[in-house]
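To start, the structure itself, in structure tokens.
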Amino acid sequence: MHFSRLFSQTLRETPSEAEVVSHQLLVRAGFIRQLGAGIFSYLPLAYRVINKIMTIMREEMNALDGQEILMPVVQPADIWKETGRFYQIGSEMGRFTDKNGHDMVLAMTHEEVVADLVRGTIRSYRQLPALIYHLQTKWRDDPRPRAGLIRVREFIMLDSYSLDADWAGLDRQYSAHYEAYFRIFKRCGLSTVAVRSDTGMMGGKEAHEYMYLTPIGEDSLLFCDACGYSANRQVASMHKPLPEQEDSLPLEMVATPGASSIEELAAFLDVPAAKTAKAVFFMGHFSAENGGHEALIFAVVRGDMEVNETKVANLMKAGDLRPATDEEIRASGAVPGYASPVGLKGVKVVVDDLVPRSPNMVAGANLAGYHLRNVNYGRDFSADLVADISAVRDGDGCPQCGAPLRLARGVEVGNIFKLGTRYSDALHCNFLDENGNNQPVIMGSYGIGVGRLLACVAEEHNDDRGLVWPAAIAPYPVHMVVLPGREMDTGVIAASVEAALTAAGLEPLVDDREESAGVKFNDADLIGLPMRLTISERAFKQGGVEMKLRASAESHVIPLDQVVTAVRSTIDLLSQV
RNA sequence: CGGGGUGUAGCGCAGUUGGCAGCGCACCGCGUUUGGGACGCGGGGGUCGGCGGUUCAAGUCCGCCCACCCCGACCA
């Protein structure tokens, strides 16, 4: 490819809307252009990277005996109504009606279509196990797209779906994906960690997320450096030291004027926050199968802890959780700022498992300006549910070994789910087992955001001059900078080098523009191909062409008749993982 | 959805009290230059986000709307 023909444009100045470095560089280097919020076009440079990433994905999926298919982006809403997700999922789903007035859906993911395929295809245990995958566009109307390609609304995803006759089969395919996904990321030059995660809208049993650790990430993760425990904060648990046990003291009411927060209360009564109970109210939205209504949820944690909303939502089987308004709290009989579960009727109460073990706590009196001392679980109140609903913080104890957990930020580049029979049950994907009995197909689903992966690689591999692509996914292996000579025609040498490299399967990007050397070198650094070959009179007089790696400052001259061999061996070396 | 910000040429920006719509980069032509973002001369490019209002006159003042960015809520 000749640079003068490349459909692209490098920019000297960073567009003001780009904040994270991957976004800035991908736009400046002419890889992507934004069309709308979270909607991007991939120009040739980016699409070549995308294709190389997708090739790696296909190789790894095929190695698991996966078979590539292609499922539709536009889908009739009927199958989404069958699984209930048409109603569960909110504004994030793209919906419209076709000319006949039928509800249609833009694919956010493809479990429903897979299940529809399976019920029309799989009849016998002899057809299982199976693995199908595709690389297809998804539309998720994210409330807040940001950070360039990191968080978008339209994106290409690798998603694969495992189909098994039994749970052991699912475990095998899940493990195979667990390893294959690490290989994909590694081959793309991105190091990731897998953490336990929430199953969210997918439902199902077990899930892991693959996280690229970076301060710009929006997910909070907890790691134990002692034993290796790792989890997304949404599901992370902790070791909770048992509070000192004391005899129950008589309940007493104390005036606490103006002390409506834990800090004020603890200061006013001169007790540690750990001796108080914190009341948090949510309105939970319950889907049709669970009643189809909103209901108040009263969560209680110890005063020195925070509520983990994901845990509460999962426990209560609420599809959605939002903070309750003061009016909604009052309607339950509780008093905002002075609320407690003592004496409340008709409200769903969920209590953190540390609270029943904490004696003589301070809790609200449900009376403005008053609290209760010496509240004891069991004697003074009880809950509908006692479970772990605390949010883990940096430094809290590891649930496995007790060592302090470390909090880090990350971007989720992939995830794997054990779906089980949720979709097979809903869409009646049954097969006949060896004994002639109907059984639901057991499914898993696995996904990687291709553009997000590209963006994370760009985020990780750059310097102050521009991008530094890993050789395995670089748009071209070689950037040829051709500089005109005074006494000789360097274009002739460039043409022969280009032809030789192309014939060897090492297609170069040839900067044939009439630009100054500085412009060409700077653009080469900005675009970040792994190797630069400079064809110039100076290099020719030194015996050939100059070779320099993007990731290194050193360069040396290669004789013309050895260029192909040298480029190949170097690129091969760089491509190894 | 709430809070904040920004919309003027492809990109970055200026535009005073309301009075001819500009600068740098990029782009086109000619010439000089040629190993780290060269120089001279000459050019092309605008629904000043949109609609409405005030005014002799609106990029500028007023109202409504839209888009994009950031923070939060939310989210795989």
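The sequence lines fix the lettering, A, B, ..., with proteins before strands; numbering per chain opens at 1. Keep in mind that the numbers below use all heavy atoms, side chains included, and drop hydrogens, waters and symmetry copies.
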In whole angstrom, give the distance that lies between atom [atom1] of [X] and atom [atom2] of [N].
{"X": "Leu11(A)", "N": "G24(B)", "atom1": "CG", "atom2": "P", "answer": "19 Å"}
{"X": "Met93(A)", "N": "A76(B)", "atom1": "CE", "atom2": "P", "answer": "12 Å"}
{"X": "Asp142(A)", "N": "C74(B)", "atom1": "CG", "atom2": "P", "answer": "13 Å"}
{"X": "Leu149(A)", "N": "C69(B)", "atom1": "CG", "atom2": "P", "answer": "12 Å"}
{"X": "Trp139(A)", "N": "A76(B)", "atom1": "CH2", "atom2": "C1'", "answer": "16 Å"}
{"X": "Ile32(A)", "N": "C11(B)", "atom1": "CD1", "atom2": "C1'", "answer": "15 Å"}
{"X": "Glu514(A)", "N": "G29(B)", "atom1": "CD", "atom2": "C1'", "answer": "13 Å"}
{"X": "Glu17(A)", "N": "C71(B)", "atom1": "CD", "atom2": "P", "answer": "14 Å"}

Using the side-chain heavy atoms of [X], tell me which of these nucleotides is nearest: [options].
{"X": "Gln34(A)", "options": "C68(B), G10(B), A38(B)", "answer": "C68(B)"}
{"X": "Pro484(A)", "options": "A76(B), G36(B), U34(B)", "answer": "U34(B)"}
{"X": "Ala37(A)", "options": "A76(B), C69(B), G36(B)", "answer": "C69(B)"}
{"X": "Pro15(A)", "options": "C74(B), C11(B), C68(B)", "answer": "C11(B)"}
{"X": "Glu19(A)", "options": "C70(B), A76(B), G37(B)", "answer": "C70(B)"}
{"X": "Phe521(A)", "options": "G24(B), G36(B), C68(B)", "answer": "G36(B)"}
{"X": "Pro143(A)", "options": "A73(B), G36(B), G10(B)", "answer": "A73(B)"}
{"X": "Glu13(A)", "options": "G24(B), G36(B), A76(B)", "answer": "G24(B)"}
{"X": "Arg532(A)", "options": "G36(B), A76(B), C71(B)", "answer": "G36(B)"}

Test item: Arg233(A) side-chain N/O and Ala391(A) main-chain N/O as donor-acceptor pair under 3.5 Å: no
With a 3.5 Å distance limit and no angle check, can you tell me whether Asp525(A) reaches the backbone of Gly528(A) through a side-chain donor-acceptor pair? no
Donor-acceptor pair between Tyr174(A) and Ser162(A) side chains, under 3.5 angstrom: no
With no hydrogens and no angle check, do the side chains of Ser237(A) and Asp388(A) hold a donor and an acceptor under 3.5 Å apart? no
Once you apply the 3.5 Å cut-off to both distances, tell me the Watson-Crick or G-U wobble partner of A67(B), or none. U6(B)
Scan [X] against the nucleic acid and name what it touches under 4.0 Å (heavy atoms): base, sugar-phosphate only, or nothing.
{"X": "Phe155(A)", "value": "base"}
{"X": "Gln9(A)", "value": "sugar-phosphate"}
{"X": "Arg151(A)", "value": "base"}
{"X": "Ala539(A)", "value": "base"}

Between Gly518(A) and Glu309(A), the residue closer to the 5' end of RNA chain B by nearest nucleotide is Gly518(A)
Return no unless some side-chain N or O of Arg144(A) is found under 4.0 Å from OP1 or OP2 of A73(B). no
Rounding to the closest angstrom, what is the interatomic distance between U55(B) and G18(B) at atom P? 16 Å
Pairwise P distance, C74(B) and A26(B) [rounded to whole Å]: 47 Å
Classify the ring geometry of His208(A) against Tyr178(A): parallel below 30°, tilted from 30° to 60°, perpendicular beyond 60°. perpendicular
Please name all residues satisfying side-chain contact (heavy atoms from CB on, under 4.5 Å) with Pro44(A), sequence neighbours left out, ordered by chain then number. Leu6(A), Phe7(A)
